[in-house]
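Note that these values count all heavy atoms, side chains included, but never hydrogens, waters or copies made by symmetry. Letters A, B, ... are given to chains in the order of the sequence lines, protein chains preceding strands, and every chain is numbered from 1.
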Amino acid sequence: MRNIKITLSLFFTLALIYLLNTRLVLGSTAVPPLGKLLSPFHGFWQNAENEALPIPEELTLEGLKAPVQIYFDNLLIPHIYAQSEHDLYMAQGYIVAYHRLWQMEFQLYSTAGRISELLGEQALDYDREKRRSGMVFGAKQSEELLRKEDPKLYALVEAYAKGVNAYIETLSYRDFPIEYKLLDYEPEEWTAFKTFLLLREMADQLSRGERDMEHTNARKLWGDETFDLLYPETHPNLDPVIPVGTKWNFTPIQVNPPRGDYPLLATQGELSKPDPHFGSNSFIVNGKKTANGKVLLANEPDLSLNLPSIWYLAHLHAPGINVMGSTIPGAPGVVLGFNDHVAWGFTNAKRDLVDWFAIEFKDKKREEYKYDNKWLKTSKMVEEIKIRNGGVFYDTVVYTHYGPVTYDATFNGKKDQINLAMRWTAHDASMEVKALMLMNKAKNYEDYVEAFSYYTGPPQNMSFASVDGDIAIWINGKFPVKWEGQGKFILDGTNSSHEWQDWMPREHLYSVKNPPQNFLSSANQHPGDSTYPYYDYDYNFEYYRNRRINDRLKIMNGIKPEDMMLLQNDNFNYIASESLPMLLASLDTLTLSENERLIYDQLAAWDYFNEPDLKEPTLFELWWDITHDNVWDEFKNQKVSLYKPHIYNTIYLMNTRPDFSFFDIKSTTNVETAQDVMRVSFKKALDSLENWKKEKGEDYSWYKFKNTTIQHLLRLPAFTKSEVKIGGNNNIVNAASHRAGPSWRMVVELGEGKVKAWGIYPGSQTGNPGNPTYGEFIDRWASGTYEPMLFEKEVKNSDRIIFTQTLSPEQ
Amino acid sequence: MKLFLRIILIGALTYLLSLYFPWWIIAVVGLGVGLLIPGGSLSTFISGFLGVGIIWMGHAWSLDAKNDSQFTTIMLKVLGFTDDPIVLVALVGLVGGLVGGFATMTGSLFRAPVTKKKSSGYYN
């Protein structure tokens with residue numbers, strides 16, 4: 001009896017502890033370990049912070065060479081003052097980890113295809129695709145290259161990792177960021193390799209918009225003539241990055257034209273794509289256009305709106321370096337910013353840099369593939385994907401000399417039994433780290449040109465301005481020389497003439513310095529006019545933001561920093577200005593109902609500005625979206641993967657070819673024209689609005705309808721800010737759409753030996769939802785308010801410094 | 001008296017040791033105190049339940065008050081079963097209390113005589 005009682009009682013106690021210490025998966029919901037999570041001494045209560053910076057004033061950091069001072073200003077931006085670059089980057093790693101450890105690690109899991117380790121089976125396909133895109137492969141090559149070519153610089157990347165690890169070592173469960181507790185796992189050691197891998201993610205986000213498969217499918221379905229109508233490469237009267245008329249003084253490299261046609265393969269599987277609403281704006285004006293004769297540079301990358309934010313602001317100071325701006329948590333140095341002499345900004349330079357080669361294997365073993373009249377050997381890499389509560393999944397990825405067979409008959413190509421190898425510049429070794437580190441110290445135009453000679457990708461339009469008064473743009477990256485049309489469709493992997501043959505020399509890249517127009521801008525549009533002697537195709541250039549920015553800059557004079565800010569927040573809807581008159585003209589006003597007439601009048605009086613409180617942008621958006629859907633209804637229910645033509649081209653076709661066969665709505669017996677489609681869509685838009693109102697409420701103001709959401713990386717609504725009151729949209733300069741938008745707005749003024757800057761981003765320095773400052777900049781960002789950046793040689797005497805931390809080496 | 005002694009001892013040890021050990025230290029505390037001051041099953045359970053439960057609940061309540069319930073309110077949305085911070089504070093007490101109670105009872109049982117002795121009441 002006694003033994004039974006003891007056994008029972010002991011068993012019950014242990015079982016209770018086990019259950020409360022374990023993450024339980026009940027059906028489709030996972031319950032975090034409640035004992036750990038709820039314990040007031042260990043659990044989430046410990047993540048609640050009552051002040052912005054609950055940290056000690058003095059700390060010992062093993063590995064430092066000399067003491068480092070970190071001054072936090074009122075925005076919680078750390079101003080790191082170190083006596084050597086080693087200490088500088090080590091302290092940067094430490095402090096970024098303090099604010100953003102979970103984010104940097106989670107993003108790394110995502111890039112490395114390791115999400116299944118945290119979330120289980122549901123993430124397996126995501127992980128497989130990530131692994132198959134070969135980013136780890138590319139990162140390893142890059143790490144090796146830098147270690148060999150520039151060991152001193154490599155040591156600085158290691159110093160950063162050392163700083164991150166020094167922070168991780170101070171943590172016990174109670175100090176873990178809340179996300180670790182919810183998902184029940186622990187931080188891992190940071191390594192230099194992880195930094196290289198994270199930088200590959202940039203390439204994945206920004207240079208992966210290719211449509212080779214969709215194009216091949218469309219060509220197969222509709223033929224070349226219709227294809228060219230649906231997806232023209234260019235249009236008249238574009239406003240490219242490099243001003244029209246810029247001269248090219250070099251003899252281009254020629255490549256041999258291809259033999260044979262593209263393989264006409266119908267692919268049904270899809271590859272994940274980055275959000276097509278990603279983009280960026282940058283504009284620079286020289287002293288002739290500004291009020292005080294100084295140079296002004298503005299930049300904002302329009303990326304995923306996340307919490308914690310993509311960017312972390314920092315000011316880095318050591319002998320030979322004094323730089324400030326936005327950093328990527330996980331990478332040393334500043335990515336977009338300014339120093340005592342120069343400022344620089346990026347916008348994505350779209351260019352088709354991923355090509356797909358159809359592979360013909362000799363047999364099922366996939367050990368050899370055809371190349372001209374030879375059989376080449378493949379190599380195989382076995383990816384080991386750990387699955388939470390589910391063992392290990394082994395995925396064999398076949399590598400050809402092109403790259404990994406990402407799309408293959410065992411995975412996404414199962415239905416169509418097609419194997420496609422991926423050729424991507426991001427698989428090659430590169431030295432972005434070196435480029436950025438050199439730029440952090442650049443003093444003038446020559447240094448800027450030199451720094452980015454080490455940059456390969458993702459290609460960027462790199463804006464430059466200096467205290468000397470120079471303005472410039474280089475479109476930097478590593479570009480293959482392509483024959484006309486190369487890479488637009490799936491290429492023939494058995495045909496050597498389809499392969500990339502050569503690289504463009506650096507001096508042949510697009511660049512412009514101090515143009516006579518006195519300003520420069522870039523907004524992801526076409527890079528240059530037709531006189532450029534290389535094929536520079538991409539399927540998704542911007543047609544609107546660029547024109548709005550240039551329209552404004554052409555007429556603006558006596559420009560002040562505030563004018564640059566206003567332009568960054570400009571809500572002019574260029575699409576509406578070019579399509580609403582056509583939409584309105586399609587209606588027969590005599591037959592409209594009373595309510596329809598009211599809406600008609602409202603829209604007719606609208607000035608095309610997508611201000612957050614207006615209702616017209618909502619009405620236009622609904623009408624336009626439904627029109628666009630109805631125009632391209634032929635794309636619905638197709639078995640193969642396709643994408644709809646660009647808005648710009650849609651409007652162009654509606655204007656120029658109103659009887660184009662695609663305007664016929666398939667589900668009706670009549671033959672419709674563009675005008676009919678617009679008219680039918682108007683009624684549907686009003687129905688759709690009524691449905692929206694029933695679900696969401698009467699107030700359909702633009703910001704409510706658009707619902708700009710700064711989403712936590714785990715998509716937890718409680719850690720997310722939605723319905724942010726901001727105007728704009730994609731294709732508008734203020735590019736805040738539902739889930740993407742200006743992730744860091746920066747304006748810099750340079751001249752007379754001085755640099756002043758302003759900035760804001762939708763988030764907060766802290767990544768902790770339990771910190772009182774979590775998400776604190778979001779409202780200021782939404783209203784177009786900027787914070788002056790505290791950037792001086794000696795910041796310690798500024799009254800904006802609210803806390804000073806000293807990191808000391810071990811005695 | 002033993003009951004109160006156990007409660008005070010368990011409470012004090014829970015508070016001190018939780019600062020240095022993982023959350024399940026409460027089970028070790030309960031087990032130890034149960035071994036040290038054995039008693040009837042109900043009595044030992046209650047001492048563990050109250051000793052740990054009061055400390056957990058009290059500490060959670062005090063952290064919540066200092067933080068103006070700001071983070072608790074956010075976490076309630078994540079956990080999704082109530083929107084009242086006090087309910088969560090009470091739940092914390094319950095979870096800690098259950099583990100403490102069973103552990104203390106288990107500890108005491110190890111010390112119980114082989115032959116069954118008639119219990120003289122709850123408060124011994």
Side-chain angles (χ1 to χ4, degrees), chain A residues 1-22 29 31-51 54 172-174 178-179 181-183 712 714-721 768-775, chain B residues 14-15 17-27 30-31 34 41 45 48 55-64 66-80 88-89 91-96 98-110 112-116:
Chain A
M1 184 62 195
R2 173 178 176 268
N3 287 344
I4 293 172
K5 257 179 147 177
I6 294 177
T7 314
L8 270 180
S9 181
L10 185 65
F11 174 79
F12 195 80
T13 310
L14 290 175
L16 192 62
I17 293 172
Y18 174 78
L19 286 177
L20 291 171
N21 200 43
T22 309
T29 44
V31 182
L34 285 177
K36 276 201 249 186
L37 183 69
L38 293 182
S39 163
F41 296 92
H42 309 86
F44 76 85
W45 309 91
Q46 293 293 324
N47 298 88
E49 294 177 329
N50 301 323
E51 45 186 318
S172 65
Y173 177 82
R174 81 183 70 235
I178 181 67
E179 293 90 346
K181 297 182 185 178
L182 288 172
L183 292 177
H712 185 264
L714 287 180
R715 301 183 187 167
L716 292 169
F719 296 170
T720 294
K721 310 271 176 190
N768 177 13
N771 187 283
T773 64
Y774 182 71
Chain B
T14 293
Y15 191 88
L17 297 181
S18 289
L19 300 175
Y20 306 99
F21 294 95
W23 75 276
W24 44 258
I25 192 67
I26 55 174
L31 204 78
S41 292
F45 180 84
I55 291 299
W56 269 38
M57 200 166 89
H59 194 48
W61 179 79
S62 113
L63 291 175
D64 180 58
K66 272 187 221 155
N67 187 242
D68 266 342
S69 297
Q70 288 198 31
F71 191 50
T72 321
T73 313
I74 293 173
M75 282 305 294
L76 285 169
K77 276 206 249 168
V78 175
L79 297 169
L88 189 62
V89 167
L91 181 82
V92 165
L94 182 73
V95 168
L98 284 174
V99 175
F102 281 109
T104 315
M105 187 170 86
T106 308
S108 163
L109 280 170
F110 275 106
V114 179
T115 50
K116 203 179 171 189

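Across A:L716, A:L37, A:L34, A:N21, the residue that shares the most heavy-atom pairs under 4.5 angstrom with chain B is A:N21. Counting heavy-atom pairs closer than 4.5 Å to chain B, the top residue among A:L38, A:L182, A:N771 is A:L38. Of the listed residues B:L98, B:I26, B:L91, B:V99, the one with more heavy-atom pairs under 4.5 angstrom with chain A than any other is B:V99.
Only the side chain of B:M75 comes within contact range of chain A, judged by heavy atoms closer than 4.5 Å. For a residue to count as touching a neighbouring chain, one of its non-hydrogen atoms must lie under 4.5 Å from one of that chain's; by this rule A:E49 touches chain B with the backbone only. The contact between B:L79 and chain A is made entirely by side chain atoms (from C-beta outward), counting heavy-atom distances below 4.5 Å. Heavy atoms closer than 4.5 Å to chain A are found in the side chain of B:W24, but not in its backbone. For B:F45, no part lies near chain A; criterion is any non-hydrogen pair under 4.5 Å.
For A:F12, the ring pair (Phe, Tyr, Trp, His ring centres under 6.0 Å) criterion is met by B:F102, not counting sequence neighbours. The side chain to side chain donor-acceptor pair (under 3.5 Å) check on A:N47 picks up A:K181, with sequence neighbours excluded.
Across all their heavy atoms, B:T106 and A:I6 have their closest contact at CG2-O, 4.5 Å. The two atoms that bring B:A27 and A:I17 nearest to each other are CB-CD1, 3.3 Å, heavy atoms only. When all heavy atoms are compared, the tightest approach of B:V78 to A:A718 is CG2-CB, 3.6 Å. Considering every non-hydrogen atom in both B:L63 and A:P40, the closest pair reads CD1-O, 3.4 Å.
In this structure, A:W45 and B:V89 have side chains that are in contact, with non-hydrogen atoms separated by less than 4.5 Å. Side chains of B:L31 and A:T13 form no contact here, defined as non-hydrogen atoms less than 4.5 Å apart. Between B:Q70 and A:N50 there is no side-chain heavy-atom pair separated by less than 4.5 Å. In this structure, A:L20 and B:W23 have side chains that are in contact, with non-hydrogen atoms separated by less than 4.5 Å.
The structure places CZ of B:F110 at 8.5 Å from OG of A:S9, a figure rounded to the nearest 0.5 Å. Taking NE2 from A:H42 and CD1 from B:I25, the interatomic distance works out to 8.5 Å, rounded to the nearest 0.5 Å.
No side-chain donor-acceptor contact under 3.5 Å links B:S18 to the backbone of A:F41. Side chain of A:R174 to backbone of B:P22: no donor-acceptor contact under 3.5 angstrom is found.
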